[in-house]
Amino acid sequence: MKHKDGNARRGELKTPHGVIQTPIFMPVGTIANVKTLTPHELTDLKAEIILGNTYHLYLRPGHELVKKAGGIHNFMNWDKPVLTDSGGFQVMSLSGLRKITQDGVRFQSHIDGSYHMFTPERVMEIQNSLGADIIMAFDECPPYPATKDYVAKSLKTTLEWAKRCQDSQKEPDKQALFGIVQGGVHEDLRQESAEKLIEMDFPGYSIGGLAVGEKKEDMFRITEFLNPIMPKNKPRYLMGVGTPSDLLVNIGNGIDMFDCVMPTRNARKGTVFTRNGRMIIKAARYKEDFRPIDDECTCYTCRNFTRAYIRHLFAANELLAMRLASIHSLHFYLELMHMARKAIENRNYNEFMNSMLKKLDNIVE
RNA sequence: GGAGAGGUUCCCGAGCGGUCAAAGGGAACAGACUGUAAAUCUGUCGGCGAAGCCUUCGGAGGUUCGAAUCCUCCCCUCUCCA
């Protein structure tokens, strides 16, 4: 960690494929691509690290194939760091297709219905084949709402699995394994989870199971609560979060890393993010609006295309609409992180955050 | 000229005596989306604040307690034969 401003942290994280600057946003590239974009475009956007997903890549094209291709970096032609999620999230999101036991999770493929077994050991083996720089322990991400009993039980399973992941990890020197703190919205459970993981001494810690439907204030309360508990010299990754304002508030609570499908998914569906709030660019109100999405934005989309044109592309169902919108929104997220890092270095993070928060949650008319 | 089919709410198209302001698509409009089963999903889509009422199924008449649906005439499309 290089700087601190309040609880906000400014740091660097070394990986085999380069150093990344934190706080950082990691675009999601579930199946070894950030949807609609090329690695070249991601590089232009100054993306430093992207995500892949164990469950999805295991099912298709298969981790063995990715290994044969020389690992995920080679396979997708991305030479910067990659983080793979363990499939723990799919335990929740594909809840209709799986059964959890103490040993692991029996899944039914969402693609062809075939049965598969994920154990912590298996997930470590798959992530080793994929070859990401940062890998996640296999966890169970409890849904929301869930009873406290359920969350507590699930937490125990996740802790056991974390140990098994650690014990079965093949190349700890090449892949940093993060343990995942669970515990829902309950501070005592979060504390127990964090402390036991810290005892196991992971190179980094993830916070999972947030932004799954609970109130924002609960999410912020939990990250604020965890801040003093988490080791100061290790990265903290808040999984799956979030909106631009979520990122800023959580940076203020000591989070270093984020990933979220929101900028890319929403972009594909016609909503982009700007410093003035969300803009539903497919809306009729932009039909004859010949300004860029954001006249101060320096992204490729804003430098070259108007709202009216992008709206037209959405109306016509053109693929370019999704690409241009994704480029803009990712640029905005990454630029927002850049500004946050600068603000921490300049020790005016709170001021920066508060001025941004005033607008970010608006819908731009 | 002869034989036949048809004109339905923005478009296509179902309905063929009451349960029809009228199925289903499309378009349009509004919105949701947080470790991606997502170029997906939800809602609105004749008018009036609601119960309800009003106007609407090519046009004009008629039959009927009641018509988009039945009858008559008219206008217009399309197909086939001469």
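Predicted model only: the values in this text are computed from it and were never measured. Labels below follow one simple rule: chain letters A, B, ... track the order of the sequence lines, proteins then strands, and each chain is numbered from 1.
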Mind checking [X] for me? I need base, sugar-phosphate or nothing, with any heavy atom below 4.0 Å counting as a touch.
X: A/Lys287; answer: nothing
X: A/Asp259; answer: sugar-phosphate
X: A/Arg285; answer: sugar-phosphate
X: A/Arg98; answer: nothing
X: A/Thr36; answer: nothing
X: A/Leu97; answer: base
X: A/Arg60; answer: nothing
X: A/Gln182; answer: base
X: A/Ile363; answer: sugar-phosphate
X: A/Gln90; answer: sugar-phosphate
X: A/Leu319; answer: base
X: A/Ala283; answer: sugar-phosphate
X: A/Asn317; answer: sugar-phosphate

Working for ring pair (Phe, Tyr, Trp, His ring centres under 6.0 Å), residues A/His56 and A/His110:
CA-CA 10 Å; A/His56 288 281; A/His110 69 280; 5.3 Å; yes

Min and max contacting nt of RNA chain B in 5' to 3' order, chain A heavy atoms within under 4.0 angstrom, are B/rC29 to B/rU40

For [N], the Watson-Crick or wobble counterpart (both distances under 3.5 Å):
N: B/rU77; value: B/rA5
N: B/rG17; value: none
N: B/rU69; value: none
N: B/rU44; value: B/rA28

I need the single residue from A/Leu13, A/Leu177, A/Leu51, A/Val82 that forms a side chain to side chain contact (heavy atoms under 4.5 Å, CB included) with A/Ile134. Which is it?
A/Leu13

Within residues 205-220 of chain A, those residues having any heavy atom closer than 4.0 Å to RNA chain B are A/Gly209, A/Ala211, A/Lys216

Rounded [atom1] spacing from [N] to [M] in Å:
N: B/rC41; M: B/rG6; atom1: C1'; answer: 39 Å
N: B/rU8; M: B/rC53; atom1: C1'; answer: 23 Å
N: B/rG26; M: B/rU42; atom1: P; answer: 12 Å
N: B/rG4; M: B/rG66; atom1: C1'; answer: 33 Å
N: B/rC75; M: B/rG58; atom1: C1'; answer: 8 Å
N: B/rG25; M: B/rC74; atom1: C1'; answer: 34 Å
N: B/rU77; M: B/rG43; atom1: P; answer: 42 Å
N: B/rU55; M: B/rA22; atom1: C1'; answer: 14 Å

Relative to each other, are the rings of A/Phe138 and A/Phe118 parallel, tilted or perpendicular (30° and 60° limits)?
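Perpendicular, since the angle between the ring planes exceeds 60°.
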
Parallel, tilted or perpendicular: rings of A/Tyr309 and A/Phe305 (30°, 60°)
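Because their plane-to-plane angle is under 30°, the rings of A/Phe305 and A/Tyr309 count as parallel.
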
A/Cys299 side chain near A/Phe332 side chain, heavy-atom distance below 4.5 Å:
no

Is there side-chain contact between A/Asp188 and A/Glu192, with at least one heavy-atom pair below 4.5 Å?
no

Along RNA chain B (nearest heavy atom to each residue), the more 5'-positioned of A/Asn33 and A/Ile280:
A/Ile280

If you draw a 6.0 Å radius around NZ in A/Lys156, do more than 12 non-hydrogen atoms from other residues or ligands fall strictly inside?
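Count not over threshold, so no.
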
Salt bridge between A/Lys170 and A/Glu125, side-chain N to carboxylate O under 4.0 Å?
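Salt bridge flag = no for A/Glu125 with A/Lys170.
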
Testing A/Asp294, A/Asp289, A/Asp295 one by one against A/Arg291 for a salt bridge (Lys or Arg N to Asp or Glu O under 4.0 Å), which residue passes?
A/Asp289

Over all heavy atoms of both residues, which pair between A/Ser193 and A/Val181 is shortest? Give the atoms and the distance, please.
OG-CA, 3.4 Å

Modelled atom types, side-chain donor and acceptor of A/Thr38 and A/Glu41, under 3.5 Å
yes

